[in-house]
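Report on one structure; see the data block that follows.
We name chains A, B, ... by the order of the sequence lines, and we start the count at 1 in each one. Just so it is clear, the values below take in all heavy atoms, side chains as well, and ignore hydrogens, waters and symmetry mates.
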There are 2 protein chains.
Amino acid sequence: MRLTARSEYGLLALIDLGVRYGDGPVSAREVSERQCIPAKFLEQLLGALRKAGLVSAMRGARGGFSLTREPSRITVLEVVEALEGPLAPTSCDGGSLCGRSGACAAAGVWAKATDALRDVFETTTLADLSVRQARFDSDAAKGREKERA
Amino acid sequence: MRLTARSEYGLLALIDLGVRYGDGPVSAREVSERQCIPAKFLEQLLGALRKAGLVSAMRGARGGFSLTREPSRITVLEVVEALEGPLAPTSCDGGSLCGRSGACAAAGVWAKATDALRDVFETTTLADLSVRQARFDSDAAKGREKERA
DNA sequence: GGATACCATACCGAAGTAGTAGAGATTGAT
DNA sequence: ATCAATCTCTACTACTTCGGTATGGTATCC
């Protein structure tokens with residue numbers, strides 16, 4: 001269940017692509033600069049997201065990445081699992097520490113925790129986040145405008 | 001939010017104490033053997049749980065550990081936070097990566113995830129788990145009985 | 001053909017995990 | 001009083017993971 005910088009960065013990157021969905025490919029460098037994500041690290045994440053089928057890549061000059069689906073049809077769960085592996089909170093989780101296996105009272109809590117997390121991540125889509133981000137961006141733009149005046 | 005072996009072992013240990021709540025102190029070695037937890041590692045965990053005020057220790061021969069409260073008044077959240085630190089899923093979580101700070105669309109999901117986890121852990125008590133464990137134990141005992149017959 | 005981009009792989013330092021080791025302090029029993 | 005059982009504290013270590021960086025490709029546009 002460990003959520004690391006991979007999820008954090010990866011989600012930000014996909015939100016960035018979501019805001020620009022339909023405008024053609026967006027280069028990794030652009031995303032990297034806008035979202036302040038180390039460029040080469042981001043490449044790795046985008047590679048993983050491509051292999052998971054969430055983004056497609058166009059190579060060469062004017063290339064870049066785009067979402068393979070509408071932002072409303074990509075869940076946070078997909079992003080997280082693409083970057084961190086399957087969502088499981090502990091090594092136990094129905095496992096078999098010392099033959100405890102089924103008869104482990106603790107396992108239930110861990111399973112419930114996983115389910116709760118899964119539910120949150122599954123019911124949040126990139127669209128939800130991208131519109132929010134777009135609003136933040138435009139607010140920030142207005143702020144800068146005001147400042148110049 | 002990383003859940004490690006500390007939580008897994010620690011919770012098992014406290015469940016073990018919960019099952020025997022009221023019977024006087026239980027030695028770390030006993031718990032270690034029953035729950036298959038490396039003895040010296042368990043000592044560390046019990047030390048942390050003592051500092052968090054969840055267990056009290058009696059030193060010397062016939063010493064051991066006992067819960068400081070009724071199992072029904074100790075939540076899994078307390079156990080987890082005593083062993084892993086405060087429950088926060090990502091470094092972000094309202095943080096400030098590259099000055100994004102408040103205007104970060106992703107922060108909301110991470111916060112929701114934390115809340116969901118917190119809720120699960122807060123509404124599960126040691127009593128819930130201890131009675132379950134006791135049932136498993138007695139079932140196992142019956143199984144062994146049957147086998148001998 | 002060169003600039004721009006993605007692709008693959010390897011590497012690296014720092015931190016964290018899961019213990020282990022050993023010496024010391026405290027208590028109950030004999 | 002002594003001994004064994006028990007907790008307490010600190011340090012150490014092998015291993016893995018995390019968060020990147022580096023290098024050298026390959027594809028595409030102009």
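- Distance, B:E33 CD to D:dA5 P: 13 Å, rounded to whole Å.
- A straight line from CG of B:L3 to C1' of C:dA18 spans 16 Å, rounded to a whole angstrom.
- A donor-acceptor contact shorter than 3.5 Å links the side chain of B:E81 to the backbone of B:L87.
- Nearest-nucleotide positions on DNA chain D for A:E84 and B:A61 put B:A61 closer to the 5' end.
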### Query
So B:R69 and B:E78, salt bridge (charged side-chain N to carboxylate O under 4.0 Å, His left out) or not? Walk me through it.
CA-CA 12 Å; B:R69 283 177 256 156; B:E78 291 178 284; 3.0 Å; yes
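- Whole-Å rounding puts the B:F41 CZ to C:dT20 P distance at 9 Å.
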### Query
What do the steps show when you test A:R20 against A:D16 for salt bridge (charged side-chain N to carboxylate O under 4.0 Å, His left out), and what is the final call?
CA-CA 7 Å; A:R20 287 153 193 82; A:D16 194 282; 3.3 Å; yes
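- D:dC18 atom C1' lies 10 Å from atom CZ of A:R2, rounded to whole Å.
- Between A:T4 and D:dG19, a side-chain N or O to OP1/OP2 separation shorter than 4.0 Å is present.
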### Check against salt bridge (charged side-chain N to carboxylate O under 4.0 Å, His left out), B:E43 and B:K40
CA-CA 5 Å; B:E43 275 187 35; B:K40 296 299 280 183; 3.8 Å; yes
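- Under the 4.5 Å side-chain heavy-atom criterion for grouping Ile, Leu, Val, Met, Phe, Trp and Tyr, A:Y21 is connected to A:L54 within one hydrophobic cluster.
- Rounded to whole Å, atom P of C:dT20 lies 12 Å from atom CG of B:L42.
- The distance between atom CD of A:E30 and atom C1' of C:dA5, rounded to the nearest whole Å, is 12 Å.
- A close approach under 4.0 Å does not occur between any side-chain nitrogen or oxygen of B:Y9 and OP1 or OP2 of C:dA18.
- One can place CG of A:L49 at 12 Å from P of C:dC7, the figure rounded to the nearest angstrom.
- B:L14 and B:M58 end up in different hydrophobic clusters when Ile, Leu, Val, Met, Phe, Trp and Tyr side chains are linked at under 4.5 Å.
- Take the nearest nucleotide of DNA chain D for A:P38 and for B:R62: the residue whose nucleotide is more 5' is B:R62.
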What are the atom names and distances for every N/O pair under 3.5 Å that joins the protein to nucleotides 7-11 of chain D?
residue: D:dC7; atom: OP1; partner: B:A28; partner atom: N; Å: 2.9
residue: D:dT8; atom: OP1; partner: B:R50; partner atom: NE; Å: 3.2
residue: D:dT8; atom: OP2; partner: B:R50; partner atom: NE; Å: 3.3
residue: D:dT8; atom: O4'; partner: B:R59; partner atom: NH1; Å: 2.9
residue: D:dT8; atom: O4; partner: B:E43; partner atom: OE1; Å: 3.4
residue: D:dC9; atom: OP2; partner: B:R50; partner atom: NH2; Å: 2.8

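- Counting only distance, with no hydrogens or angles, the side chain of B:E84 and the backbone of B:T4 share a donor-acceptor pair below 3.5 Å.
- When rounded to the nearest whole Å, the span between CD of B:E8 and P of C:dA18 equals 9 Å.
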